[in-house]
Structures are given as C-alpha cells and as structure tokens.
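One structure below.
Below, chain A is the first sequence line, B the second, and so on; all start at residue 1.
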Number of protein chains: 2
Amino acid sequence: MADKHELRDKGLRLTPQRELVLAAVRELGHSTPEEVAEKVRLTHPGINLSTVYRNLETLENVGLVQHTHLGHGGATYHAAEELTHLHLVCGKCEAVGDAPLDVAANFVNALSDEYGFKTDVSHFAIYGTCSNCQ
Amino acid sequence: MADKHELRDKGLRLTPQRELVLAAVRELGHSTPEEVAEKVRLTHPGINLSTVYRNLETLENVGLVQHTHLGHGGATYHAAEELTHLHLVCGKCEAVGDAPLDVAANFVNALSDEYGFKTDVSHFAIYGTCSNCQ
DNA sequence: ATAGTTTGTGCGAATTCTTCGCAACTCGCA
DNA sequence: TGCGAGTTGCGAAGAATTCGCACAAACTAT
C-alpha cells in the first residue's frame, strides 16, 4: 500500500478504518461523509461517523483526498487523483455533470493575469441550468 | 417604496420586518442571515432570526435578493441589483474579492456552446488563492 | 516478539445552522 | 371598521459537524 508513506511521513498511522475510508472515497467518486460511512459499514459495520469525518479531514491534509462544494451546504469528497474535471451543478434537476478542466483554461488565465488570483476551478461547483432543464 | 409592487403582485405583504431585512441586505453587501439579523436589530431589537431566514427566502423568490455560496457552508445574501460581479474567495486569508462578470464571458460561452449548460457564475464563489497570499 | 508511547477509535454530548409548528398579530382590501 | 390570509415570535425539532474522554491499537525501539 503506497498510501502508507503519505501517512507515516507525517507521523500518522494507517488504520483499517482509514484504509476503508480512503477505499470508499476512491470507489464512490463524489460522496458525502454520510455516504462514505454507509459504504464502509458494508464491510465494517462498527465504524463511527465521527471517525469518517476525522479521517476525511486527515486524508485531505495528507493530500490523498479533496473536497468540493456542490451547493446545498455539505462538502463532497473524492480521491485526489480524480480531480481532473469541474462540476456542473444544475439548479433545477440537481444533477452534477462533469466537464474537462481545460474549458476553463482561459478563464483561469484571465483571473491570474488580471487579478493575480490563482483559481482552483474544481473546488466549487459551477452553477447553472443543464441542457435537459432549459 | 417600489418594492411593494414586487411583493404585493404575488400576494405578499410589505411588513416592517421585511423592509428592514431588505434594507439591511442592501446596505451590507454580502452578508449571512446572522449578520442581517444583527443589523436589523440595531433599529428593531425584537426581530426574530426565523423571521430573517423566512424573509430572505421570500425576498429571493420575489427576485429582490439573491444568495451565493462563498464556501464554508452557509449562504450569503445580497441585493439582486448588485449582482454584477463574481466572487473570488481566497482559501488562505478567507478574503472575498470581486471581479466583473465579463472576465468569465468566454468560459460561460464555452460551457453553453459545448455542453448546453447555462452558467450563473456568480452563484458560487470562485475558489483559489489571492495575490496577497501567494 | 514485546513493552511502551502516542495516535486513533467509539460513543455520547455539545454546537451550530436552519427549519417547523402554532397561537397571536397585522397588513391590505372591501 | 372588519375580515381573512399572510406574518411574526418563540420554542422546539432537525440535520450536520465537532468535541471530550477513556479505551484500544499501531508503530518504534528494544
């Protein structure tokens, strides 16, 4: 398990719970802490929701996981490797679509050049109305 | 008070509380429900937080107010007239900067043309790192 | 392998933010 | 002026997330 280094290098331990949380995030794609907990409980029923929250935070600090705000309030998590697209959230049907990051390349560059602002387009969703709902 | 029509046309009333909430949102720029309540209480101490929440929602339905997700979870509100910029949120210093909507024009058009997705860029913040924090 | 140290886990309670239920109230129209 | 529907206040109910603590378990150095 290569992830072990990321953790151990910072004095953190690779516990079964932590492995399960990471595995769940990788399998689920976007998912809320609640969904991660549910997934993990399929094979390890005793895991506590607090533990999931704590591990998501820990894994995020280590850089194995990241979170995105899709709206409504709560954050959703996904594996860091998968962060190759931006999220298009439809305000009507609530669907979350994907689009490649390079659609935003010009936009990102403009903000960088004109305002010195380094944008992470995938951290927040892009809100609007999808093609099906217009 | 011209706002009266927007409300009355939908069978809604212009109560003192509602006027105060709207006035507060207009004066404050971006603000959380809590901040709106605080502002309103300066002149009308008895107003209830629930009332603020309900009125923000009502005013939003009528189109006088809109909300934006700046991150952390809660929404922030501002007058509809002021929605002429997008929000640049710095992940380090938490500062919220503004940029004119047209910086995003190409991006918005690209999403529209390529994905049929009609974007409202100002609904979600644009996340990144501001020039001061790099 | 084993003991010891330190981090992690489970559990329940505490917080924070937002929504609800309901009785009393009042805005707007006749 | 009076009626009826939309509103308000208040307290309670919810949902989501965080905390405190005692116990358990992972890694390190024997």
All heavy atoms of Val36(B) vs all of Leu28(B), minimum pair found to be CA-CD1, 4.1 Å

Flag, side chain of Gln134(A) to backbone of Thr129(A), donor-acceptor distance under 3.5 Å: yes

Can a donor-acceptor pair be found, under 3.5 Å and without considering hydrogens, that links the side chain of Glu82(A) to the backbone of Ala79(A)? no

Give the nucleotide from the list dT7(D), dT8(D), dT17(D) with an atom nearest to the side chain of Thr51(B). dT8(D)

Counting only side-chain nitrogens and oxygens, does [X] get under 4.0 Å of the OP1 or OP2 atom of [N]?
| X | N | value |
| --- | --- | --- |
| Thr15(B) | dC27(C) | no |
| Tyr53(A) | dT18(D) | no |
| Gln17(A) | dG10(C) | yes |
| Asn55(A) | dT9(C) | yes |

Whole-Å gap separating P (dT19(C)) and CG (Asn48(B)): 14 Å

Give the rounded distance in Å between these two atoms: CG of Asp9(B) and C1' of dC27(C). 16 Å

Apply side chain to side chain contact (heavy atoms under 4.5 Å, CB included) to Leu59(B) and Tyr77(B), showing your working. CA-CA 10 Å; Leu59(B) 292 169; Tyr77(B) 291 81; over 6 Å; no

Which residue lies toward the 5' end of DNA chain D, Ser50(A) or Pro16(A), if each is placed at its nearest nucleotide? Ser50(A)

Using the ring pair (Phe, Tyr, Trp, His ring centres under 6.0 Å) rule, pick out the option among His69(A), His87(A), His67(A) that qualifies with His30(A). His87(A)

Sugar-phosphate only, base, or nothing, as touched by Arg54(A) at under 4.0 Å among non-hydrogen atoms: base

Within the modelled atom types, does a donor on one side and an acceptor on the other bring the side chain of Arg13(B) and the base of dT26(C) under 3.5 Å apart? yes

For Ser50(A), what residues pass the side chain to side chain donor-acceptor pair (under 3.5 Å) criterion, not counting sequence neighbours? Asn48(A)

Interface polar pairs with nucleotides 28-30 of chain D, N/O, under 3.5 angstrom:
{"from": "dT28(D)", "atom 1": "OP1", "to": "Arg8(A)", "atom 2": "NH1", "distance (Å)": "2.9"}

